[in-house]
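Okay, so here's the structure we're looking at.
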Amino acid sequence: MSEPAKRRAIWDDLLDVAEGYVGEIVDGELNVVPRPAPPHAETASDLGGVLTPPFRFGRGGPGGWVIVDEPRLAVLRDIRVPDLAGWKKERYVRPELGPYTVVPDWICEILSPSTAVSDRTEKLPLYARAGVPFVWLIDPVGFSLEVYELERDRYFLALTAQGRATLRVPPFAAIEIELELLWGDRLAEAEASDR
């Protein structure tokens, strides 16, 4: 006797995910993982704090962007939850119900032990197929940033930086970003423990 066909996960399944967890639909299945640990969450919050004033509000920068924490994002047949996503203001469409359906102009994934492999091997190729122009991967423990830029249908590594670097990072190259702002006190604590 054959087993009954498994039901594909739908949007409503995401609404039932318990507090303290993040749900995504991957290849038709509901995938639930615990919310990120403090270094991950702090880095995402700090990055939003660095980018939002100049790029959302035009304070010290050009404005013209909408940056959203953990949007539920329809990417091809999946619903994924990047740590941050940004749209140029003229392309941004706020969903009434359901996921964001317009492909972002930028996505950032904060790497953690439980997500680093899927961020690199599943999400990065998925974002390339969907046409996301820029993806950042940030390691909040290794204090590093990798910037990927889409060329045709593949990403190339456009920039890497670590530690206390101050640099202009696409697509937000209009201002200099001090990476140490993303690490909070963790970088100084790591440096002190290495002495």
#### Entry: Single hit among Asp139, Leu159, Leu157, Ile138 for side-chain contact (heavy atoms from CB on, under 4.5 Å) with Glu146
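Looking at Asp139, Leu159, Leu157, Ile138, the match for Glu146 under the side-chain contact (heavy atoms from CB on, under 4.5 Å) is Leu157.
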### Query
With Ile25, which of Val81, Val75, Ile79 fulfils side-chain contact (heavy atoms from CB on, under 4.5 Å)?
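In the set Val81, Val75, Ile79, the residue that makes a side-chain contact (heavy atoms from CB on, under 4.5 Å) with Ile25 is Ile79.
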If you measure from the Lys or Arg side-chain nitrogens to the Asp or Glu carboxylate oxygens, is any gap between [X] and [Y] under 4.0 Å?
| X | Y | answer |
| --- | --- | --- |
| Arg186 | Glu42 | yes |
| Lys123 | Glu24 | yes |
| Asp153 | Arg129 | no |
| Glu149 | Arg154 | no |

### Task
Apply side-chain contact (heavy atoms from CB on, under 4.5 Å) to Asp83 and Asp69, showing your working.
CA-CA 6 Å; Asp83 294 302; Asp69 294 340; over 6 Å; no
### Message
Before you tell me yes or no, could you show the steps for Val135 and Leu124 under side-chain contact (heavy atoms from CB on, under 4.5 Å), namely the whole-Å CA-CA distance, both residues' side-chain angles and the distance that decides it to 0.1 Å?
### Response
CA-CA 8 Å; Val135 174; Leu124 202 57; 3.6 Å; yes
### Message
For a 4.5 angstrom cut-off between non-hydrogen side-chain atoms, does Glu109 reach His40?
### Response
no
### Derivation and outcome, salt bridge (Lys or Arg N to Asp or Glu O under 4.0 Å), residues Arg80 and Glu70
CA-CA 9 Å; Arg80 294 301 188 120; Glu70 296 186 349; over 6 Å; no
### Task
Please work out which of the three classes, parallel, tilted or perpendicular, describes the rings of Trp106 and Phe172, given edges at 30° and 60°.
perpendicular
### Query
To the nearest 0.5 Å, what is the distance between CG (Leu167) and CD1 (Ile175)?
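With rounding to 0.5 Å, CG (Leu167) is 10.5 Å from CD1 (Ile175).
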### Query
Between Trp87 (side chain) and Val68 (backbone), is there a donor-acceptor pair under 3.5 Å?
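Looks like no, no N/O pair under 3.5 Å.
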